[in-house]
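Some notes on the structure that comes next.
In what follows, chains carry the letters A, B, and so on, assigned in the order in which the sequence lines appear, proteins first and then strands, with residues in each chain numbered from 1. Hydrogens, waters and symmetry mates are skipped; everything else that's a heavy atom, side chains included, is used.
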Amino acid sequence: MDWTILQFLAPAIVASLVIVGMHAYLGLHVVERGVIFVDLSLAQIASLGAAMAVWQGYEPQDPAVYWMSLGFTLIGAALFATVKGHAARIPQEAIIGIAYAVASAAVILTLSKAAGEAEHLRDMLVGNILSVQWPDVWLTSLIYLAIGVFHYVFRRRFLDISIDADAVAARGVSVRFWDFLFYASFGFVVTRSVAIAGVLLVFCYLIVPSVGGMLFAERIGTRLAIGWVMGTVVSLLGMYFSVQFDLPTGATIACTFGLVLAAMAAARPLLRRRA
Amino acid sequence: MRMLVRPVVAAMAAVALTAVTATAQSKVNVVTSTEDLASIAREVGGDRVNIIALARGVQDPHFVEPKPSFILAVNRADLYIAVGRELEIGWLPPLLTSSRNARIQPGARGYLDASLNVRILDIPTGQITRAMGDVHPLGNPHYWLDSGNGRRIAQAIRDKLSELAPDGRASFAQRYDDFDRRLAAAEKRWDAALAPYKGTKLVTYHRSWPNFMDRFGLEVIGYVEPKPGIPPSPSHILALIEEMKRQMVKVIVVEPYFSLRTPQSIASQVGGRVLVLAPSVGGAKEATDYIQLFEYNVRLLAAALKDVTGK
């Protein structure tokens, strides 16, 4: 292996570790709530916002495009917080899936009406972790830090709602308001991380570590610790494979997640017997 | 034993390393965006250059997935040759930044935009408005498909290589002259093969072929997919079928990286045929270098046109 590559991969490695830190935590909530595909849906709604801005004549690099996509994400967050089928028998995954399909199709329609350069927009929305630059890494770290502190302060409230929303509602807490805060902060994170790492990778970072944690532990804290370790190991291993076999980095990390999770599941019975 | 092995290995490594740098010093490391540019650079540079092409000929050069080896290759490059005209806008700028190689940044001596002195088609004139649809403000980036432009690219590469490696000037000039001669001889053959079909009308999938068709006097009357990645609307396809029937157009040219389903259904409606041509070196097995690329496309196109026109 050629170690000089490391100096070029440094921003990508740091970025992936920052993403692990935030997403392994949010993933616990997402899996606990059973809204597995909410990040894909919010990411698509964010793309729709960006596509709308480009259609309105903004350059893809214009800050207005980012604000527009953030605005759409907040609308999506409000939608997921309000249209909850608690009473209505409609599974929330159905609403999330519908939002995903309609938003994806609306992106196609919007881009078909936009002038030139529309074909490049997709690349700009869906980032590639290999080409992440240091300023992006620092900005992302700051945003995640702020959101992490916010979640740490209100961790009990968020967790109680994720685990048993009805019990919290019975205590007279506005679940809707807290759900909006959850989805809004979540949308903030996802819009950012999809822009630097791409949809596929962000989904893996969100779901796989928390599933890996569930294999071995009941307690939330332990699961989170397992998720963080797993995410870190997989990121580094995936980068190594990507360099060693010269494969596209994002897709390699995603497949490494699958391999490591399978290995963990296979090792589980052995560990259980010994315990 | 162990104490002996270590220094021996280290010494061997040092020798190997100096050997590598010694040969690398006398050669110019060239990285190109596409295999077309690599092929032309090879014609001019010969064994005085090392050449790496990033996008494969079977790939759509608008969309290229960067790999770790790309960063290393660009980091070590003395010269980067880009297609330009915003063709690589989706993937090249972050790659050049990540490579942290000051020699090949746009504007530096080691960055060559191959499109600067070629003949560019489809440059929009006047104000660009949204009503015009998909417009490249800098003109059509598929200019290498006119062999006249291939010659101009070769001249630009000859001049740039002579600037970067002055001791190779005579060799680059001589190799360019040789390429120019072979290209001119081949052009006579291609012009003759397609001469009977001058003025024939065609439809193409993407706007990759205006330079190629213009060179051989063929006329493109429409496109299957008005925008890359955006499926055509039913009314667009109906209008295209009507237009093809009215003007008796029988051939749809498709790039190898697009699905054949829509073109084939259109072709069956008008009683025509779909023809997959190679837009880049490496885009078909026979298209091994720049001259072979035209050789291949001209042969296939002439055979198809002979069939449908009966000439």
Only counting residues at least two apart or in another chain, list the ones meeting side-chain contact (heavy atoms from CB on, under 4.5 Å) with B/T288. B/Q292
Partners of A/T73 by side-chain contact (heavy atoms from CB on, under 4.5 Å), sequence neighbours excluded? A/L42, A/A46, A/T191
Do other residues, nucleotides or ligands put more than 12 heavy atoms under 6.0 Å from the OH atom of A/Y100? no
Considering only heavy atoms, which portion of A/L247 lies under 4.5 Å from any heavy atom of chain B: side chain, backbone, both, or neither? backbone
Given A/S131, A/G250, A/A12, the one with more heavy-atom pairs under 4.5 angstrom with chain B than any other is A/S131
Compare every heavy atom of B/Q105 with every heavy atom of B/S99, then report the nearest pair and how far apart it is. OG-NE2, 4.0 Å
For B/S233, which atoms come within 4.5 Å of any heavy atom of chain A: side chain, backbone, both, or neither? neither
